[in-house]
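Everything on this sheet refers to the single structure shown next.
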Amino acid sequence: MRTKTAAILAGLLVAPNAATAAPDPARLFTEHCAACHGGDRLGAIGPALLPQNLGRLKPGEAVNVILSGRVATQMPAFGDKLTEEDAKALAGWIFAPPERMPDWGVAEIDASRVIHGARLPAAPVHDSRPLNLFCVVETGDHHVTVLDGDRMEPIARFQSRFALHGGIKYSPDGRFAYMASRDGWVSVYDLWGLEMVVETRAGINTRNIAVSKDGKLIAVGNAVPAGVVILNARDLSPVQIIPTDSRVSAVYTAPPRHSFVVALKDTPEVWELPYDTLPLAVRRVPLEAHLDDFFFDQGYRMLMGASRDGRGQVVDLDAGRKVADLALQGMPHLGSGITFDWQGRRLMASPNLKEARITVIDTATWEVVRQIDTLGPGFFLRGHAASPYVWADVFMGPNKDAIHVIDKRGLEIVKTLRPAPGRTAAHVEFTDDGRFALVSVMENDGALIIYDAQTLEEVKRLPMRRPVGKYNVANKIRYEEGTSH
Ligand code: HEC
């Protein structure tokens, strides 16, 4: 009662100025938002509202979300409670860093752990072939669909954490799927029992995860707090925190080297974390430029990286120095590069985020073998050892509905598909045997379209909610040459 009276009194005291005084976003937040987004803005039922986490959301869109809510989610509309000015002040405030970033260390990670009590059966509870399953990440409504890749039918669909990154990883035997969300949640899902096993929040803003070759450790690359968190893959208990003096842009697994390799956003260095002995030691490799998107050769000795101004370099990880420059232009997306054989040579092909081209490089000489002109900048490339074609999306511009099919022998586009005219088509993945290719229509009422990878004819269409990525278990755990890792 007393607090209620106090609140009314406080309201009366500020009331006379309310029309003229600028809105106080911190107060509005505590009153209207903190229950769902956390008093410290770290998130609760709703996502974290911190500048780095909001990344792609524009402040103007945030104002709309606040006033109108989000249909079919728990985000309510505040149009009847808040003025447009209030909403603008709140949007400005959530895009500004907090006075003090909350701590996120071993204690917080451990306390966040949720053990779901999964049954962990001795054999799969379904009759699908476990190695030809796909996990499809649907960010439209934050779900993951488990798809049988032989019958092309979903066998399970479950809720994920908010804003899962693509890039689901698997345990070496293919049984467990590991996922990471924008807000730092790492989840382990059992593909035999079709149940969530354990989850933990490993950071405040996470880039991605990598799994060690023996399947025992998971490395989580964090932008906030900057560093790599090593977790026990079985139960997600924290093993070690390795702070970095720069935001991590990605962490990779290098199986033949028994190490994790860390790309850093703000420091011209790459870090290698060998994991055969614990605690992991850090090996720093200085670079001539910032490289934050990597591609490795099949032996994981050579790392190809592109700097923000588009210059490419080849770094010999053993020697710890640059050994070649790459003649790249625009902004190559080396992280989605793939390799394949061509006339006795090992080639690497990479899409370009800024220019309408795919660059093909000889990995022995580091020379550009071919520039393949496309209908626009692309994001993903996929091939498969058993398929004569490489599939490339056009991610931006008026042709974002196009998918190019490139013949590996002639290094030229032989067909351009438009799976759903006018709608973004992207991210191709093959079945384990390379016979079928799955394409996403990346929209809220989108779809997964399955093509015969030989005849290039459509076979089936499954409705999905913004399916941003799909990951075939066998292709991932065998490090299939046509898939990025
Ligand atoms: C009842 C719970 C609840 C309340 C109260 C609430 N939100 Fe939300 N909010 C959510 C949920 C859940 C989402 C995620 C919606 C989705 O799935 O896209 C969300 C999403 C958002 C987003 C979009 C984030 C993104 O990355 O896309 C913004 C911005 C936001 N809320 C701001 C606010 C503000 C500001 C307030 C207070 C005025 C507020 N919310 C109050 C639950 C809530």
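Positions are given from 1 along the sequence. Quick caveat, the model's predicted, so the values are computed rather than measured.
The two atoms that bring Gly434 and Ala453 nearest to each other are O-CB, 3.5 Å, heavy atoms only. Heavy atoms only, all atoms of each residue included: His165 and Thr206 are closest at NE2-O, 2.7 Å. Ala306 and Leu334 get closest at one heavy-atom pair: N-CD1, 3.4 Å. Of all the heavy atoms in Pro467 and Val136, the pair that sits closest is CB-CG1, 3.9 Å. Considering all non-hydrogen atoms of both residues, Trp192 and His126 come closest at O-CD2, 3.8 Å. Residues Val441 and Arg423 approach most closely at CG1-CB, 4.0 Å, considering heavy atoms.
The shortest distance between side-chain heavy atoms of Val137 and Ser160 does not fall below 4.5 Å. Inter-residue side-chain proximity for His37 and Pro47 is flagged as met; some heavy-atom pair is nearer than 4.5 Å. The closest side-chain heavy-atom distance from Val262 to Val270 is not below 4.5 Å. Looking at Arg465 and Asn444, their side chains come closer than 4.5 Å, going by heavy atoms from C-beta outward. With contacts defined as side-chain heavy-atom distances shorter than 4.5 Å, the pair Arg113/Ser237 qualifies. At least one side-chain heavy atom of Glu84 sits under 4.5 Å from a side-chain heavy atom of Leu67. The shortest side-chain heavy-atom distance between Val197 and Phe176 falls under the 4.5 Å cut-off. Counting heavy atoms from C-beta outward, Val473 and Leu131 have side chains that approach closer than 4.5 Å.
Of the residues His427, Lys470, Arg466, Glu429, the one that meets the side-chain hydrogen bond (donor to acceptor under 3.5 Å, both in side chains) test with Ser440 is Lys470. Just one residue in the list Trp271, Phe294, Tyr275, Tyr252 forms a ring pair (Phe, Tyr, Trp, His ring centres under 6.0 Å) with Phe260, and that residue is Tyr275.
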Distance-only donor-acceptor hits, side chain of residues 48-60, under 3.5 Å, sequence neighbours excluded:
residue	atom	partner	partner atom	Å
Asn53	ND2	Asp183	OD1	2.7
Asn53	ND2	Ile204	O	2.9

What donor-acceptor contacts under 3.5 angstrom involve side-chain atoms of residues 87-100, with partners at least two apart or in another chain?
none

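By the 6.0 Å contact criterion, CD on Gln454 is open, its count of non-hydrogen atoms from other residues, nucleotides or ligands being 12 or less. Few gaps surround NZ on Lys265; more than 12 heavy atoms of other groups in view lie less than 6.0 Å from it.
Relative orientation of the Phe395 and Phe380 rings is perpendicular, given thresholds of 30° and 60° on the angle between their planes. Relative orientation of the Tyr479 and Tyr300 rings is perpendicular, given thresholds of 30° and 60° on the angle between their planes. Taking the six-membered ring where tryptophan is involved, the planes of Phe430 and His384 are tilted, since the angle between them lies from 30° to 60°.
Looking at Arg283 and Glu272, a side-chain N of the basic residue comes within less than 4.0 Å of a carboxylate O on the acidic one, giving a salt bridge. Note on Asp318 versus Arg257: salt bridge recorded, some NZ/NE/NH1/NH2 to OD/OE distance being below 4.0 Å. With respect to the salt-bridge test (charged N to carboxylate O, under 4.0 angstrom), the residues Glu269 and Arg284 qualify.
How far OG1 of Thr200 is from CG of Asp110: 7.0 Å, rounded to the nearest 0.5 Å. To the nearest 0.5 Å, atom NZ of residue Lys169 and atom SG of residue Cys135 are 13.0 Å apart. In this structure, CE in Met152 is found 5.0 Å from CD1 in Ile450, a value given to the nearest 0.5 Å. The line from CG of Asp452 to CZ of Arg435 is 7.0 Å long, rounded to the nearest 0.5 Å. With rounding to the nearest 0.5 Å, the separation of CG in Asp190 from CG in Leu120 is 5.5 Å. One finds the CG atom of Leu456 at 12.5 Å from the CD atom of Glu458 (value rounded to the nearest 0.5 Å).
Using a distance-only test at 3.5 Å, with no hydrogens or angles considered, a donor-acceptor pair links the side chain of Arg207 to the main chain of Ser249. Remark: the backbone N or O of Leu147 is not paired with any side-chain donor or acceptor of Thr145 at under 3.5 angstrom. Checking side-chain atoms of Asp266 against main-chain N and O of Ser246 turns up no donor-acceptor pair under 3.5 Å. With hydrogens and angles ignored, the 3.5 Å screen pairs no side-chain donor or acceptor of Asn64 with any backbone N or O of Ser68. Between the side chain of Ser181 and the backbone N or O of Leu164, no donor-acceptor pair lies under 3.5 Å. Under the 3.5 Å distance criterion, the side-chain polar atoms of Tyr170 are matched with a main-chain donor or acceptor of Tyr471. Trp104 places no side-chain N or O within donor-acceptor distance of the main-chain N or O of Asn205, the cut-off being under 3.5 Å. Judged by distance alone, the side chain of Asp214 and the main-chain N or O of Lys216 form a donor-acceptor pair under 3.5 Å.
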* Asked: So Leu280 and Val228, side chain to side chain contact (heavy atoms under 4.5 Å, CB included) or not? Walk me through it.
  -> CA-CA 11 Å; Leu280 284 71; Val228 177; over 6 Å; no
* side chain to side chain donor-acceptor pair (under 3.5 Å) evaluation trace for Asn132 with Asp148 -> CA-CA 7 Å; Asn132 199 27; Asp148 176 323; 5.6 Å; no
* Yes or no on side chain to side chain contact (heavy atoms under 4.5 Å, CB included) for Phe436 and Lys460, after CA distance, side-chain angles and deciding distance? -> CA-CA 10 Å; Phe436 296 95; Lys460 193 167 184 178; over 6 Å; no
* Start with the C-alpha gap between Asn472 and Leu438, add the side-chain angles, then the distance that decides, and say whether side chain to side chain contact (heavy atoms under 4.5 Å, CB included) holds. => CA-CA 10 Å; Asn472 178 273; Leu438 288 67; over 6 Å; no
* In sequence, state the C-alpha distance, the side-chain angles, and the governing distance for Asn208 and Val251, and then conclude on side chain to side chain contact (heavy atoms under 4.5 Å, CB included). => CA-CA 7 Å; Asn208 76 329; Val251 47; 3.2 Å; yes
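A donor and an acceptor atom, one from each side chain of His333 and Asp293, are located under 3.5 Å apart.
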